[in-house]
S.K.: 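Below is a structure I'd like to ask you about.
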Amino acid sequence: MGIPFRNTAGFGKRMEYNLVGKMLMEGLDVYLPLVDDHGVDCVIKKQDGTFIEVQIKARSREVAKGDAALFAAISHKPTENFYFVFYSERLDTMWILSSEEFLQECITNRTGKNAGKHSIWFNGSKKDKAANDKTEYCKPQFEKYIETDFSRFH
């Protein structure tokens, strides 16, 4: 049996609060919108007085093997002072990309129901013949975006 809907539906929101809590613990000045109509999960006031918008995307450890860091069907247009925080629970890895970096690195769907939407797949996987299992890893071209804190936002 799969994961109950209540658990999967709440995972994203739980991860948003988890990561926002970590931002607050680092001393960032974080504001949460009451409504998420524009893909903005939080707004951060930087030390220089400017603001940045942040969208948080997370994947649970329960996703299909090989998809630990696959983020698909994302609507996004170039936006100044906009960042994505991507988190894979199974890889326990966080990537932070600006709007511009995301649009340079992502794939844009050309056809189908998600035409015009973007996807990014941070992980690859290797077959472990001895264990008869897949081992997931961060693709080398995305290692430069791995972050362990939110210093990029200070």
Side-chain angles (χ1 to χ4, degrees), residues 1-26 28 30 32-33 35-44 52-79 82-153:
M1 177 150 172
I3 303 166
F5 174 75
R6 181 169 163 76
N7 290 344
T8 58
F11 173 78
K13 189 55 75 177
R14 286 192 301 273
M15 287 309 304
E16 285 176 25
Y17 285 124
N18 178 306
L19 294 171
V20 166
K22 290 177 181 183
M23 291 176 192
L24 291 168
M25 293 302 293
E26 286 186 24
L28 288 170
V30 183
L32 299 176
V35 179
D36 184 7
D37 283 347
H38 303 285
V40 175
D41 296 316
C42 65
V43 175
I44 298 171
I52 59 172
E53 298 172 318
V54 178
Q55 184 173 36
I56 298 168
K57 297 285 191 185
R59 295 286 280 176
S60 83
R61 68 174 46 97
E62 305 299 327
V63 299
K65 275 287 194 176
D67 292 348
L70 168 61
F71 299 90
I74 299 170
S75 297
H76 184 69
K77 296 193 182 322
T79 308
F82 189 98
Y83 289 83
F84 287 94
V85 173
F86 295 99
Y87 178 75
S88 168
E89 183 181 41
R90 188 159 57 223
L91 297 177
D92 191 24
T93 304
M94 177 175 68
W95 299 265
I96 298 178
L97 286 79
S98 68
S99 172
E100 181 180 293
E101 291 165 337
F102 171 72
L103 291 171
Q104 287 173 357
E105 300 285 2
C106 73
I107 303 296
T108 303
N109 299 330
R110 299 194 192 286
T111 60
K113 69 179 184 177
N114 290 318
K117 293 187 178 182
H118 310 288
S119 301
I120 192 162
W121 204 341
F122 291 103
N123 76 284
S125 60
K126 299 181 232 182
K127 179 102 175 176
D128 181 348
K129 293 178 184 172
N132 195 26
D133 199 12
K134 286 183 179 176
T135 302
E136 296 167 310
Y137 62 92
C138 177
K139 293 177 182 173
Q141 69 265 34
F142 297 125
E143 289 174 355
K144 63 186 171 191
Y145 300 113
I146 293 176
E147 300 288 352
T148 57
D149 61 25
F150 298 97
S151 57
R152 189 163 182 194
F153 297 153

S.K.: Specify whether Phe71 and Phe86 have parallel, tilted or perpendicular ring planes, treating 30° as the upper limit for parallel and 60° as the lower limit for perpendicular.
M.R.: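 Tilted, since the angle between the ring planes falls between 30° and 60°.
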
S.K.: Taking side chain as C-beta onward, heavy atoms only, is Val54 less than 4.5 Å from Val43?
M.R.: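 A side-chain contact is absent here, since even the closest heavy-atom pair is not under 4.5 Å.
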
S.K.: Heavy-atom count check: over 12 atoms from other residues, nucleotides or ligands less than 6.0 Å from Asn132 CG?
M.R.: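 Open: at most 12 neighbouring heavy atoms sit under 6.0 Å from CG of Asn132.
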
S.K.: Would you say the side chain of Leu103 lies within less than 4.5 Å of the side chain of His76, judging by non-hydrogen atoms?
M.R.: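 Yes, at least one pair of side-chain atoms sits under 4.5 Å.
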
S.K.: Would you compute the distance between atom CD1 of Ile52 and atom CG of Leu28 and round it to the nearest 0.5 angstrom?
M.R.: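 That separation rounds to 7.5 Å.
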
S.K.: Check the pair Glu101, Arg152 against salt bridge (charged side-chain N to carboxylate O under 4.0 Å, His left out), reporting the backbone distance first and the verdict last.
M.R.: CA-CA 14 Å; Glu101 291 165 337; Arg152 189 163 182 194; 2.7 Å; yes

S.K.: Begin with the C-alpha distance, continue with both residues' side-chain angles, and end with the deciding distance and a verdict on side-chain hydrogen bond (donor to acceptor under 3.5 Å, both in side chains) for Gln55 and Tyr83.
M.R.: CA-CA 6 Å; Gln55 184 173 36; Tyr83 289 83; over 6 Å; no

S.K.: Is it true that, when you exclude Lys126 itself, more than 12 heavy atoms of the residues, nucleotides or ligands shown sit nearer than 6.0 Å to its NZ?
M.R.: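 Open.
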
S.K.: So does Ile107 have more than 12 non-hydrogen atoms from other groups sitting under 6.0 Å from CD1?
M.R.: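 It does not: Ile107 CD1 has 12 such atoms or fewer within range.
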
S.K.: Does Glu100 have more than 12 heavy atoms from other residues, nucleotides or ligands lying within 6.0 Å of its CD?
M.R.: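 Not buried by this count: 12 neighbours or fewer within 6.0 Å.
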
S.K.: Under a 3.5 Å threshold, yes or no: a donor from one side chain and an acceptor from the other, between Tyr87 and Asp92?
M.R.: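 Yes - a donor-acceptor pair under 3.5 Å links their side chains.
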
S.K.: Parallel, tilted or perpendicular: which describes the rings of Phe150 and Phe153, with under 30° parallel and over 60° perpendicular?
M.R.: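 Ring orientation, 0 to 90° scale: parallel.
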
